[in-house]
Q: 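Before we start, here is the structure in question, set down as structure tokens.
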Amino acid sequence: MLEIRNLHVTVEGREILKGIDLAIHPGETHAIMGPNGSGKSTLANVIAGREGYIVTQGEILFEGKNLLDMDPETRACEGLFLAFQYPVEIPGVANLYFLKAAVNAVRKYRGESSVDAMDFWELVNERMALVKMDESMLKRSVNEGFSGGEKKRNEIFQMAVLQPRFAVLDETDSGLDIDALKVVADGVNALRSPERGFLVITHYQRLLDYIVPDQVHVLFNGKIARSGGKELALELEEQGYALYNEEPGRARRAAA
Amino acid sequence: MTAVAPLFSDPYRQRFAELMARRREPDAIAKLRRAAFDRFEKQGLPTRQQEAWRLTDLSALQAIGWQRPGDVPVDTGTLPTLDKTPTHRLVFVNGRFAPGLSRLRDLRGKTLIASLGQALLTHPELIEPHLDRLPGLKNQPFADLNTAFWEDGVLIYLPHGTVVETPIHLIFHTTGDSVAVHPRLLLVMEAQTQATVVVEYGGQGRYLHGPLAELAVGEGAVLDYHQLQEEAPGAFHLGGIRLRQKRASQANLHLIALGGQLARVDLDALLDGEGARCQINGLTLARNQQFSDVHVRVEHAQPHGTSEQVFKSVLDDKARTVFDGMIHVRQHAQKTDARQTNRNLLLSRQAQAQANPRLEILADDVKCGHGSSTGFLDPDAEFYLRARGIPVAQARALLVHAFANDSLNRIHLTPLRERLARLLAGRLALDFLEEEKP
Ligand SMILES: Nc1ncnc2c1ncn2[C@@H]1O[C@H](COP(=O)(O)OP(=O)(O)O)[C@@H](O)[C@H]1O
Ligand SMILES: [Mg+2]
């Protein structure tokens, strides 16, 4: 459902992604691991359509359609979701209101009428329980004053309400304690289905104990250095990313 | 009365002479007018060489030979209301009190809400001791112009202990080109009184509104004052507000500026009693070639006073705004807590917001602070909303709304707040906002 072919991306004139190939089929969950600065968030942002990332070569197809031709909102309406590594605080926009605007935008795109207030409330309550989110967070401004864990939970909550066909999770696990991590994993696992795909970006193997991937890719210096099964994550945990670098010393520090 | 010299070359002199010949009023009032006119003549209209007018370009205003509106009947269209909320309502059309459009409800005892022109005939004893007595706006030529030229306006007098629950709604509507109206508002609140006032300015054409409001807030009194400037796109608004607060009084001022090609409000607030509290909430929306200016001076003269100013503006197209805010704390005013915030949101690269926050603190045991920021919409926030499927125009509108709505939320008068929220949504084409009220 998501096919990335020979993707080259530059940011501020610097090439960050240097030829990525990746194919994720419906029902699959892939993990991308890699040291800081290897380009994981760049890949996530390019998929979501953020400005400032220039695709110099290659293409991304989403369900056969050219994703790079679409603006960010169209991608979202087509069923793509990005759980941000750093969710943005938006003072003055209530979480619930924002979510309803998003749900209705997607429905409008599909030619459906606005969501029924009762149905929406039911869905919200059910999904809130799934991520063990407190109701008070609905009335608060989007992410404003949320703790790190609350922000990540809010991302998963939004995903659970919007029910995308394909979701990219960018380090949703970082900064979470083990209980919060399980909540996030439960939220993701509850959505896993034969029609849905996931791309889980993580720095640590830990998350993959809970969200067990079909494939693991190691992103290193803008390239996929290696792909394999879930065992690859364990191997990385033991050996770090040193093997992937011509200068092992530097890589060990980077991976620490 | 001085003899009227024929054919003045100066249109202001001519107008003033005509006014003095026409009016029958107590000598004390005539004296005030003459003194104010003399000051105005000496100073003339401000120029940009004067520090306080450095950023305000009055050349378009200066080029017009302002006249008093004639007596022709005007169609005001639909005048604003506070929804279905009962109000004391006074409407002024082209500067003249319009009893047919007004509605005065019964008031208890000596409380008075009336046309200032009429009250001058019936209750001069309530006006003479108070008119033009508040300090502030000393070198403000438009304040002098008002004192010289006002013909009508409103007197609100609240004797000790009076609570007027019903909002007082004052509407100044002017239609015409090159016509100037100088409405005067005199609010005298004795100790332990309460009032809610809404003043609205609007109209059609290239007119000038030069209002002056004098707000005397007595001991322990509570004033909620709302000023909604919704002038016609070609109009000029040069207004002044003098506020003086006595001990333990509270004044909440809301200054909403939406219209006019050139609009400026000068506010001089004096916290002249221990423990006085003053909140000023300003919101300006400016677009096209609009210029909107606020000059505020909050002076703490007595200890334990608190003041909070929050001024926000949203600028689009080639609009310009100026915020000039001074907090002055006298040496005696220990334990003052004074804060000032100015935030400007630019929606266009050609819009320009200028901020000039100033502090003068002569007391040593005070908490004072000010902050000012000007910026564009947060691109990260915009992307976040779009990444959830919200179209770019709606995402931007939502962010602008969030910025401005914070100011509206400070307004406790529900029908006014809701009307302004609808107006804001309309300006931002946010139809979808109305459906949502969880
Ligand atoms: N918006 C940006 N502006 C400038 N440099 C960026 C931007 N995004 C990413 N980079 C650079 O691209 C490289 C990869 O960053 P990133 O994709 O965030 O890595 P990761 O998520 O794997 O830690 C880094 O060197 C980073 O500095
Ligand atoms: Mg990253």
Q: Tell me, out of A:Gly92, A:Ala76, A:Pro72, A:Ala117, who's got the most heavy-atom pairs with chain B below 4.5 Å.
A: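 Answer, by heavy-atom pair count under 4.5 Å with chain B: A:Pro72.
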Q: Any idea which heavy atoms bring B:Ala402 and A:Pro91 closest together, and the distance?
A: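 Result for this residue pair: CB-O, 3.4 Å.
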Q: Would you find more than 12 non-hydrogen atoms of other residues, nucleotides or ligands less than 6.0 Å from A:Glu51 atom CD?
A: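 Open.
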Q: What distance do A:Ile90 atom CD1 and B:Leu398 atom CG have between them, rounded to the nearest 0.5 Å?
A: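 Atom-to-atom, A:Ile90:CD1 and B:Leu398:CG are 7.5 Å apart.
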Q: Among the options A:Ala102, A:Ser141, A:Ala105, pick out the one with the most heavy-atom pairs lying under 4.5 Å from chain B.
A: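 Heavy-atom pairs under 4.5 Å are most numerous for A:Ala102.
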Q: Taking atom CZ of B:Arg410 as the centre, report whether more than 12 heavy atoms of other residues, nucleotides or ligands fall under 6.0 Å from it.
A: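 Count over threshold, so yes.
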Q: For B:Ala338, which residues count as a side-chain contact (heavy atoms from CB on, under 4.5 Å) partner, sequence neighbours excluded?
A: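 B:Ala338 satisfies side-chain contact (heavy atoms from CB on, under 4.5 Å) with B:His300, B:Ser307, B:Ile327, B:Thr336, B:Cys368 only.
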Q: Side chain from CB out, backbone as N, CA, C, O: work out which of these in A:Arg75 comes under 4.5 Å of a heavy atom of chain B, or both, or neither.
A: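 Neither; nothing under 4.5 Å.
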Q: Chain A contacts: which residues in residues 372-388 of chain B have a non-hydrogen atom closer than 4.5 Å to it?
A: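 Near chain A, by residue number: B:Asp378, B:Asp380, B:Ala381, B:Phe383, B:Tyr384, B:Leu385, B:Arg386, B:Ala387, B:Arg388.
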Q: Report which part of A:Val103 has an atom under 4.5 Å of a heavy atom belonging to chain B: side chain, backbone, both, or neither.
A: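 When you check distances to chain B, no heavy atom of A:Val103 falls under 4.5 Å.
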Q: Are more than 12 heavy atoms from other residues, nucleotides or ligands located less than 6.0 Å from atom CZ of B:Arg297?
A: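 More than 12 heavy atoms, drawn from other residues, nucleotides or ligands, come within 6.0 Å of this atom.
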Q: Could you go through the side chain to side chain contact (heavy atoms under 4.5 Å, CB included) check for B:Ile390 and A:Glu73 one step at a time?
A: CA-CA 6 Å; B:Ile390 298 172; A:Glu73 52 267 44; over 6 Å; no
Q: Taking non-hydrogen atoms and a cut-off under 4.5 angstrom, which of residues 146-168 of chain A neighbour chain B?
A: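 Residues A:Glu155, A:Gln158, A:Leu162 are the ones that qualify, each having a heavy atom under 4.5 Å from chain B.
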Q: Check side-chain contact (heavy atoms from CB on, under 4.5 Å) between B:His412 and all other residues, then give those that pass, not counting sequence neighbours.
A: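 If we apply the side-chain contact (heavy atoms from CB on, under 4.5 Å) test to B:His412, skipping adjacent residues, there are no hits.
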Q: Should we count CZ of A:Arg140 as having more than 12 external heavy atoms under 6.0 Å?
A: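 Correct, the count exceeds 12.
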Q: If you compare all heavy atoms of A:Cys77 against all heavy atoms of B:Gly389, which two are closest, and at what distance to 0.1 Å?
A: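 Of all heavy-atom pairs spanning A:Cys77 and B:Gly389, the closest is SG-O, 3.7 Å.
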